[in-house]
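Accompanying notes for the structure given below.
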Amino acid sequence: MERANIKAEQGTQIIHLEVGEPDFDTPRCVRDAALKAMGEGKTHYTDSRGIPELRDAICKHYRDTYHVEVERDQVLVTGGSSPGLLIAVACLATVSDEILMTDPYYACYPNFVRVVGATPSLIPTGSDDGFQLDPAKARKAIRPCTKAMLINSPANPTGVCLDESHLIELSSLGLPIISDEIYHGLVYEAQQHTILEYTDNAIVINGFSKAYAMTGWRLGWLAAPAPIAKLARTYQTQSITSAASFTMAAGAAALNGPQDVVHRMTAAYAERRRFLLDALEEIPGLECPPVEGAFYIFPRFTATKKSSLEIAGILLEEGLIATTPGIAFGQAGEGHVRFSFATHMRDLERTVERLAKIVPNL
Ligand code: PMP
């Protein structure tokens, strides 16, 4: 991103496919709700767990979407899903503990774990197993110091959804699961399942950044067994106190309001995904995992020995396309490059044209 931005500052037109951020504006009704809340003077400290209206909307969301009962005292509204993840890790692990996760992983995960003095324990996945976390491998990796397993479905960077059978088996391992469900709502051909359908021994993380195009609002939540939610609240009270009052009012409006805007955004991503999957399949030397959700495609460059960093460098220099090298997501990401399709179709068409010229010469 930095290298792309330097080029852009020098006047070069770059296609930005490196950032994991919706290209849509936050829906109008959500913005209006924030303005209304500010106009009504809702600008004061709130309950550190979040305003009741939003926590109830989150409980209703679980009931309506997954037929799962979540009580208000299980919900903590956080300043985005990132702090929710950090708090979840801090609730379950400390110095010398381990947390299981797949490789490739969302680049921040190992850092959330290291911050509390614990160690990420990586389970490699790849194109061969469809980037699925094999429950048998997870079972084998469990040691006395393993305190939780961190899963992400749909996943960043692969776009892969964990099979329901895997979710069920992973839930039966007796290990607490931290389930990052931030890309729920952006699922194309698979069925989306929250881990809470299969186990109560879980902390679920979600938020508004992706499905509602609200990255800058910094609003998310965690849902956990009540005693863990209570501990999580302590971390929150002693750090940010609470999410912002009028932002939370906007979040409640997002969940309670009409969902047609969200469906329109998802439909646009679905169209781009179809276009990219079909077009990249035609380019020899590229192999794409099945993208079932999120807005990423993670092709493997099969006809070159160059590293993902070198490939991303060439794509930037020769194709003026900014991407993220697979190595940023772990050793198992080597040989892959992540493209975000949270961008205009025109840019994706240009990307495919340029890839068709660059890939054969890699
Ligand atoms: N989890 C994953 C897998 C993500 O990709 C991201 C953002 N890129 C986050 C969490 C953080 O999102 P938020 O804006 O809610 O902090």
Side-chain angles (χ1 to χ4, degrees), residues 1 16-24 26 30 50 54 58 61 75-90 99 101-113 115 120 125 131 133 148-162 177-187 192 194-195 202-223 232 235-236 239-240 243-244 247-248 250-251 254-255 262 265 269 291-298 322-324 326 328-330 333 338-343:
M1 192 202 270
H16 288 279
L17 307 183
E18 78 277 37
V19 199
E21 163 147 39
D23 56 324
F24 297 103
T26 302
V30 177
L54 176 54
I58 292 167
H61 170 71
V75 176
L76 179 78
V77 177
T78 53
S81 63
S82 309
L85 281 159
L86 180 58
I87 289 174
V89 168
I99 298 222
M101 65 182 73
T102 58
D103 178 1
Y105 44 72
Y106 168 48
C108 299
Y109 287 163
N111 297 329
F112 291 138
V113 174
V115 160
T125 63
F131 291 102
L133 170 54
M149 177 178 3
L150 174 47
I151 61 172
N152 177 216
S153 173
N156 178 5
T158 59
V160 164
C161 288
L162 285 174
I177 297 182
I178 301 171
S179 180
D180 179 356
E181 301 180 357
I182 185 69
Y183 289 103
H184 275 218
L186 304 179
V187 174
Q192 71 180 9
T194 174
I195 199 70
I203 307 182
V204 168
I205 310 291
N206 203 337
F208 295 84
S209 288
K210 312 294 176 173
Y212 292 93
M214 291 175 66
T215 46
W217 296 70
R218 307 314 304 131
L219 192 63
W221 71 82
L222 65 76
Y235 280 105
Q236 169 130 304
S239 52
I240 63 163
T247 300
M248 288 194 273
L255 286 179
V262 178
M265 291 192 278
Y269 295 132
V291 177
E292 293 161 327
F295 37 60
Y296 306 108
I297 191 160
F298 198 53
T323 58
T324 312
F329 308 100
R338 190 192 75 174
F339 298 75
S340 160
F341 51 87
T343 192

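Starting from 1, each residue takes its place in the sequence as its number. Counting starts at 1 for both ligands and their atoms, following the listed order.
Shortest non-hydrogen contact noted between L186 and K210 is CD1-CB, 4.0 Å. Taking both residues in full, the closest heavy atoms of E21 and F295 are given as N-CE1, 4.0 Å, listed atom of the first, atom of the second, then distance.
The side chain to side chain donor-acceptor pair (under 3.5 Å) with E181 is formed by just one residue from the set N206, T194, N152; it is T194.
In this structure, V19 and S340 have side chains that are not in contact, with every pair of non-hydrogen atoms separated by 4.5 Å or more.
Ring pair Y183/Y269: centre-to-centre distance not below 6.0 Å.
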Would you mind listing each N/O atom of ligand 1 next to any protein N/O under 3.5 Å, plus the distance?
residue	atom	partner	partner atom	Å
ligand 1	1 (N)	D180	OD2	2.6
ligand 1	5 (O)	N156	ND2	2.8
ligand 1	5 (O)	Y183	OH	2.7
ligand 1	8 (N)	K210	NZ	2.9
ligand 1	12 (O)	S81	OG	3.1
ligand 1	14 (O)	S209	OG	2.6
ligand 1	14 (O)	R218	NH1	2.8
ligand 1	15 (O)	S81	N	2.8
ligand 1	15 (O)	S81	OG	2.7
ligand 1	15 (O)	S209	OG	3.3
ligand 1	16 (O)	S81	N	3.3
ligand 1	16 (O)	S82	N	3.0
ligand 1	16 (O)	S82	OG	2.6
ligand 1	16 (O)	R218	NH2	2.7

Step-by-step side-chain contact (heavy atoms from CB on, under 4.5 Å) determination, F112 to M101: CA-CA 12 Å; F112 291 138; M101 65 182 73; over 6 Å; no
